[in-house]
Novice: 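Below: one structure in structure tokens.
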Number of protein chains: 2
Amino acid sequence: MIQIEEGLLATIQKHGLTHLLLKGKFGLEKENVRVDKHGRLVMSDHPESFGQRETHPYIKTDFSESQIEMITPACQTIEEAYDFLSNLQDIISIELETRGEYLWTSSNPPIVPKEDKLIPIAHMNNPDEKEYRIRLGEKYGRKKQLMSGIHYNFSFSEELLLLLYNEMNGGLSYREFKDRLYLKVVRNVIRHRSLLVKIMGASPVFHDSYREFCQENEIQIGEDSYCKPGVPSIRNSKCGYRNLRDYTIPYDSISRYIHGLQQLIDENELMNEKEYYGPVRLKAGKKGDTLQKLLEDGVEYIELRLFDLNPFYKNGISKHMLYFIHAFNLFMLFLKEEPENQKRDDAQLLLGMKRLYEDMELAWAMKAADWALSRYQNSEESYAEQIIRAVKEDSYIMFHMKQSLAFLQESKTTSYQLSGYEDMELSTQILMKEAITKGLNIEVLDRGENFICLSDGQHTEYVKQATKTSLDSYSTVLIMENKLVTKEVLKRAGIRVPKGYSYESIEGAMKDYLKHSGSRIVIKPKNTNFGIGITIFTETYTTEDYRRACEIAFQHDQMILIEEFVHGMEYRFLVLGNEVAGILRRVPANVTGDGYSTIKELIERKNEDPLRGQGHRTPLEKIQTGEMEAMFLHQQERDFSTVPAEGEIIFLRENSNISTGGDSIDQTDEIPDSYKEIAIQAAQAAGAVICGVDMIIGDVGNGDAAVIELNFNPAIHIHCYPYKGKSRRIGQKILDLLFKQ
Amino acid sequence: MIQIEEGLLATIQKHGLTHLLLKGKFGLEKENVRVDKHGRLVMSDHPESFGQRETHPYIKTDFSESQIEMITPACQTIEEAYDFLSNLQDIISIELETRGEYLWTSSNPPIVPKEDKLIPIAHMNNPDEKEYRIRLGEKYGRKKQLMSGIHYNFSFSEELLLLLYNEMNGGLSYREFKDRLYLKVVRNVIRHRSLLVKIMGASPVFHDSYREFCQENEIQIGEDSYCKPGVPSIRNSKCGYRNLRDYTIPYDSISRYIHGLQQLIDENELMNEKEYYGPVRLKAGKKGDTLQKLLEDGVEYIELRLFDLNPFYKNGISKHMLYFIHAFNLFMLFLKEEPENQKRDDAQLLLGMKRLYEDMELAWAMKAADWALSRYQNSEESYAEQIIRAVKEDSYIMFHMKQSLAFLQESKTTSYQLSGYEDMELSTQILMKEAITKGLNIEVLDRGENFICLSDGQHTEYVKQATKTSLDSYSTVLIMENKLVTKEVLKRAGIRVPKGYSYESIEGAMKDYLKHSGSRIVIKPKNTNFGIGITIFTETYTTEDYRRACEIAFQHDQMILIEEFVHGMEYRFLVLGNEVAGILRRVPANVTGDGYSTIKELIERKNEDPLRGQGHRTPLEKIQTGEMEAMFLHQQERDFSTVPAEGEIIFLRENSNISTGGDSIDQTDEIPDSYKEIAIQAAQAAGAVICGVDMIIGDVGNGDAAVIELNFNPAIHIHCYPYKGKSRRIGQKILDLLFKQ
């Protein structure tokens, strides 16, 4: 029988603490080596776009220059840590593709140069770090140091620890109590680690070029690859990522643990504590993580270092696995320690785990135990067996490369999203993704409002909706918010704006119907964005059409504007500082006839595109079938049931905003500089640093242009992910302005 | 019979141009000498608070250092010019009172030193200006140069001139046409100027000390004063503000006008063209107003220089008079020129004017003609006669001083308002008034939104609602706008904030009822200002009270906050830059019982105070009798019909916002610096330059304080015009920040 710490269990149940068991802090670290499309280690430098590897909190290099390391912050939930890792994976693999490089999906090395010293050591600025790696390479072989894996860091919830301490401290100090608790977990994890390796092991096959390290019992399973019977993880095996000798470090107290490590260092067995490649490490905290600090402050969290990269999952690990690891670690807390000779077998252990969580009615943990049990029981379906079968089919290199390319594709499909933040505005997701790329610390202050805080340690910036920042002054925003004032300011700066009149009542506007009726006009609320409430009349229109358009505009403001309609194409110039970062031509919502579908059907079909969504969470918006569209069709003597001819383009809106279903076409490189100058002047007239300038250009080349609006909160996703044309890294440019280089 | 230019009249009527007759540009200039309370000329310097007299566009010095000059900009309407003058009058007289000085209400000098050279000449920076004044003093006597008046500048509407030109140019260029038109008006004005003097003359009496200039036919009418029979305006008379000889300057063409003046200058009769004291001047434009420019550009406007200060009106002139002057000038345009010997008498002229405007159905002008006619016909009631009677009753000095003091009182009563802008927010009116004082150019860009533009010629600033400026960044405003984010930012800066929870649904809030029910709490919408939707429970409250308060809060936001109620007094700290510019204790809406009135009656009585209004256009707001007040009374087991005991103070609100009827008490000087430091830190944590910091202080002196809110649009009028305590010049400080000194 599996023995459970009944006192602990009773305390937790009595005080209703089970919900705290899923809380805590979770962090993941993952290494991948970079390869070319043939699965050969690349010798190129770490990508410059990831900045300084030594200060970047999320993207570093490990042993080799070609070995990229992804590090999540300490997250509040498992999901959050997983999502962060997923985002790093997406960012890195998409960036690498631009260099013809890919992330190698196995813990075991890819094709490496014959000569070990050709494997590049990470170009660290710190000479000690460089020297350390050179010596590691000499000691273990650089090839072996290329072995990559996932480290899992976690701490229990502070609330749980404090409540347990209050109930069962046994006269210990809180620090002692906590250390003992973690040490017990660590001892149990080490005792039962073979179960983790059996279930999670995913590096059973190694390449011919690694054979020098593994010449016992190997079986050739393909032209270039070998495995060892019953070894699911070469990385965790004797010929894996191990110290030269098996050291026994005691885990019965912090001081003995430290003493054990220190002794090995003093005896020159190890260069420092980091060289100890045990399955678990005790950690004193991210910053200043030294043995000295551990001695002073005790355990802050523990690090499990025995997980392989799993080539079946984009992120090298799955959420199921992470929940299982946490359930396992928790079980190690509940499990009574037994003498080595009474060690239970893994099946017993898993069943005991399942039973405990059933008793506790801890749904997520029961599910995790079930998942592990079914994997354990069906050993043919273990990850290791599946990999061996796949390698036999494809070859070691081809299988792992196929997976890499498939994951890259997966990353690209949703590249405009940030995992875990899909409910936020796309522009904000893009900015946050660039912030991760740049290595900034990100905090979401108000999720519903897309209000975030970015920091590089020295400097902090608050940003709302991606483009509401400290770069613009409040009065600048107020100028842009008020269309009347905007026009006045532009006019004074000598910029052409459409002539217009303002009205405070329907009656006032109706009085001027005759004045306007001969001209093409735009009727719009004084202050709103996104084309809401705007009607454009370019054909003849009735008094009733006119009145209705005024009514719609008045629904959004107490004052409306009736302006001349300036003929031409409408462009969105995105001004950032002193440059135009993107120019987008926006084509009003439209469908192209096929000769048999109705307009309604054509709209439905166009809206099926996954890039089209609602509420600005996809790069394009669905075409609507509302009153405005119906009225516009009516002007063309059509309705939703009309069947357009094949190839006929039917517009559903006069206004071309993306937010009302328009198409976006990047033309940044096509538009002459003279127009860019006008856009920059317009932004500067309002004192704006970040500004969406909407310009009508009659005939590109003849200089005929009018600025119709300035936007203080321009969407950036439309430039980053246009319907057609080149993507622009707007988020990056905004961050460069906020955190001046 | 009066002869009218029928062609002109027909053209105007045919093309419906009569509505353009009231349009044009209007500017006023007024001089007053400064006196002490005994009516003696003061020798003090021009007030420093009005800045540089030579560059200030509105407040200057004329001949003497003691002779202040008020200049309005060129305004679009008569009303606007009048209001601007009125504001200058208010600003100057209130400022002068702080020095024990007053504006002398007569065109004729007050008590002046015997020795002419004791009258101080204006301290001009420009040595030529100084020298010119010294020579004027020598030539005319400084005393005579103290004579003050009102100059009336006007031009016809450009639209009217252009339309007339199109119809009846007779082959002339537009410039020639315009010059001829203005010259005709000027000739007629000069021809008939005696009518203007008869109606408007208001300087019939002069002081004993001025007798040396007027020793013909004078009649003593009091111990210290004299008049001349039939002379309503000493200033316009032979012993008034005249050149040494009567020069005849021709007005038949611009070149002859210029030639005439130039000749006098060449002959050393005049030092420059400004020394010609004719009743009308031709002007070429405000800037670079020289004879040379007049020759080049023609007439831009004309200046009538013959109006006396009228001691019966605060601003020295009334709106009736201004409309009359304009109607008169227009009539001079319509009137056919007649040979001098056929000159009509004034009564004929007035009747002709009335008839013309009746024919044209020009209501405002008919009214003006009627007004003048009735004044003319009742010569006993002319201003001159009234002044003579008043002087006989009181003495010359006493009468004019009495008027001065009464006008000062009038200015003070509405000192928080800006004439002509009373529909705008009080804070904006105050800021604009300070801008006038400082000599800034002001434009109202969007009146309804209180959006203005200020400029000192070099630098332009856009300001909305007085405290929304370029000084604060947009992200700073967004931080303050979001109560959750504000608290987070303050907490991080180590500033105490009330503990709190946020809820997104009534259900969520109701679940926590038990958690909160023991404590004193504040329930409020996440993002709103002015205390809207806030309920405070300090006594026990029922589930229903709690639910209702949540519902009220949810009416204003999708998220509500329930926070601990921090006990103590609430203070508003107004932080401007690095200093606390004002501290206000705000006392919740309250009434004090008299033993027989109901609470409702007490509220009605307190609300009668003219300082209490609605919509932030008075320094205090009326106490309301709404649901919130009813609920709060209910908590105290009272209702609106309760009769409180004499002296009993009944609070109607828990929250102390001025906007919900609270009282404001300035305590800037009483609160220790340590709290000011907290307020400044709080503002700086959000990066704010202009910030209203709401702080609860438990016990002043023991350091116990919590910041409950930051406001990015703090009202300034509450500090400028508190219910009790010292007034603060907040508008001035904001302008100092915007236009750094």
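Chain A is the first sequence line, chain B the second, and so forth, proteins listed ahead of strands; every chain is numbered from 1.
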Novice: Which one of A:Val489, A:Ile479, A:Leu445, A:Leu484 has the most heavy-atom pairs closer than 4.5 Å to chain B?
Specialist: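 Of the options given, most contacts go to A:Ile479.
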Novice: Below 3.5 angstrom, are there any donor-acceptor pairs between chain B and chain A, and if so, which atoms and how far apart?
Specialist:
residue, atom, partner, partner atom, Å
B:Glu443, OE1, A:Arg492, NH1, 3.1
B:Glu443, OE1, A:Arg492, NH2, 3.2
B:Glu443, OE2, A:Arg492, NH2, 2.6
B:Asp446, OD2, A:Asn482, ND2, 2.8
B:Asp446, OD2, A:Lys526, NZ, 2.7
B:Glu449, OE1, A:Asn482, ND2, 2.8
B:Glu449, OE2, A:Lys526, NZ, 3.2
B:Glu449, OE2, A:Asn527, ND2, 3.0
B:Thr469, O, A:Ser475, N, 3.3
B:Ser470, N, A:Ser475, OG, 3.3
B:Asp472, O, A:Tyr474, N, 2.7
B:Tyr474, N, A:Asp472, O, 2.7
B:Ser475, N, A:Thr469, O, 3.3
B:Ser475, OG, A:Ser470, N, 3.3
B:Asn482, ND2, A:Asp446, OD2, 2.8
B:Asn482, ND2, A:Glu449, OE1, 2.9
B:Arg492, NH1, A:Glu443, OE1, 3.2
B:Arg492, NH2, A:Glu443, OE1, 3.2
B:Arg492, NH2, A:Glu443, OE2, 2.7
B:Lys526, NZ, A:Asp446, OD2, 2.7
B:Lys526, NZ, A:Glu449, OE2, 3.2
B:Asn527, ND2, A:Glu449, OE2, 3.0

Novice: Please find the pair of heavy atoms, one from A:Val485 and one from B:Phe451, that lie closest to each other, and give the distance.
Specialist: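 Smallest heavy-atom distance, with atoms named: CG2-CD1, 3.8 Å.
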